Structures are given as C-alpha cells and as structure tokens.
Amino acid sequence: MTVLAILRLLVELAMPMAPPPGRVRASEPPPVAPGASIELSVTILDTPVAGTPIELWLDSSDAVFVPNRFDNRDVADPLATQPRIRVRISAPTLAGRYGIDAHVVYVSCGETTCRPHHSLVHWDLEVAAPTGAAVAP
C-alpha cells in the first residue's frame, strides 16, 4: 500500500461521506376540517432491506403533532418492494395553513454495499371550516 493510499484511507475514515439522499414520494393532503383525522403517506421508491428499520419523524413550526414518530409498524404493506408509510394524525383545531416536515430514514443495498438513506418531505396542510354549513333560523 502506498503512502498516498494510506493518506486517502485516513482522510475517508476521518471524514465519512454523508449518507445518500433517499428517493421518496409524498402524498398530497386534501383540505381537512379542524380537528379531523387525516392520513399522510410517504412511499419509498428504493427497495429497503427486509428486516431493517424504516423510520419517519414529523416536525412543524406551526403545530404539534402527536404522535410524531412512525416506523415499520406503520407501513401499509410490509412485503412491498416500495413500502408506503402511513402517518395518521389529527389536524389542528384552528383553521389555517400548516407546514409539516418529515425526515425519513431507511437502508438499501447496491451491488456491494448497504447504506442508510435520509430524505426530507414537506406537506402543506390546509385546515378549513366546513363550507355550506346549515344555519339555524
């Protein structure tokens, strides 16, 4: 092994590469009534390694969503090659537009290596009072 190869190895060990971005597709949420139950979803377009964790965390500067962590138990079809994670939450009780961010983590393998993937997703949730509500005379 040459000195140059040893130096390169030391640099790579000292500064590991950032995980590659994941390939995901997020659903488009429909407008919802205040406090209504809503399902958002993220489909992983790569094929995660079977048996490895799939995780999704929610974050929002506009509202607090509970629960805010989802995992393999929330995958619609655990045997799918492109699994879809279902996020079931309650909409905020006040009308308005709410930004929701999600961080998705999973592992997939290439020809020779397996690596974790990280992906960010954003939804704009429109919470609106029902229209055409009957008014008592």
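The structure presented is a predicted model; accordingly, all values stated were derived computationally and were not measured. Side-chain atoms are counted along with the backbone in the values below, which use heavy atoms only and exclude waters and symmetry mates.
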*Flag side-chain contact, heavy atom, 4.5 Å: D101 against L120*: no

*Which value, rounded to the nearest 0.5 Å, describes the distance between I85 atom CD1 and N72 atom CG?*
8.0 Å

*Would you call P92 and F65 a side-chain contact if the rule is heavy atoms closer than 4.5 Å?*
yes

*Got V127 and L94 here, is their nearest side-chain heavy-atom distance under 4.5 Å?*
no

*Y98 and D124: side-chain donor and acceptor closer than 3.5 Å?*
no

_Parallel, tilted or perpendicular, judged at 30° and 60°: which one describes the rings of H117 and Y106?_
parallel

*Does any non-hydrogen side-chain atom of L56 lie less than 4.5 Å from one of L58?*
yes

_Side-chain (R23) to main-chain (L45) donor-acceptor, under 3.5 angstrom_ = yes

*How close do S41 and W123 get, heavy atom to heavy atom, and via which atoms?*
O-CZ2, 3.6 Å

*Taking the side chain as C-beta and beyond, is there a heavy-atom pair between R115 and S108 under 4.5 Å?*
no

*Would you mind reporting whether Q82 and T43 have side-chain heavy atoms less than 4.5 Å apart?*
yes

*Is there a donor-acceptor contact under 3.5 Å from the side chain of T81 to the main chain of T47?*
no

*asked:* If the threshold is 4.0 Å, N to carboxylate O, is there a salt bridge linking D74 and R86?
replied: no

*Would one find more than 12 heavy atoms of other residues, nucleotides or ligands at under 6.0 Å from atom CZ of R69?*
yes

*Between D46 and P48, is there a donor-acceptor pair closer than 3.5 Å when you use the side chain of the first and the backbone of the second?*
no

*List the atom of P34, the atom of A128, and the distance in Å for their closest heavy-atom pair.*
CD-O, 3.3 Å

_Pair V121, V104 - check side-chain contact (heavy atoms from CB on, under 4.5 Å), show working._
CA-CA 8 Å; V121 173; V104 182; 4.3 Å; yes

*asked:* Can a donor-acceptor pair be found, under 3.5 Å and without considering hydrogens, that links the side chain of S60 to the backbone of D62?
replied: yes

*Any chain of hydrophobic side-chain contacts (each under 4.5 Å) joining V32 to I89?*
yes

*Qualifying residue for side-chain contact (heavy atoms from CB on, under 4.5 Å) with I100, from L40, I38, V87*: L40

*What is the minimum heavy-atom distance between A129 and A95, and which atoms define it?*
N-CB, 4.3 Å

*asked:* Is there a side-chain contact between V75 and I54 in this structure, where contact means two heavy atoms from C-beta onward sitting under 4.5 Å apart?
replied: yes

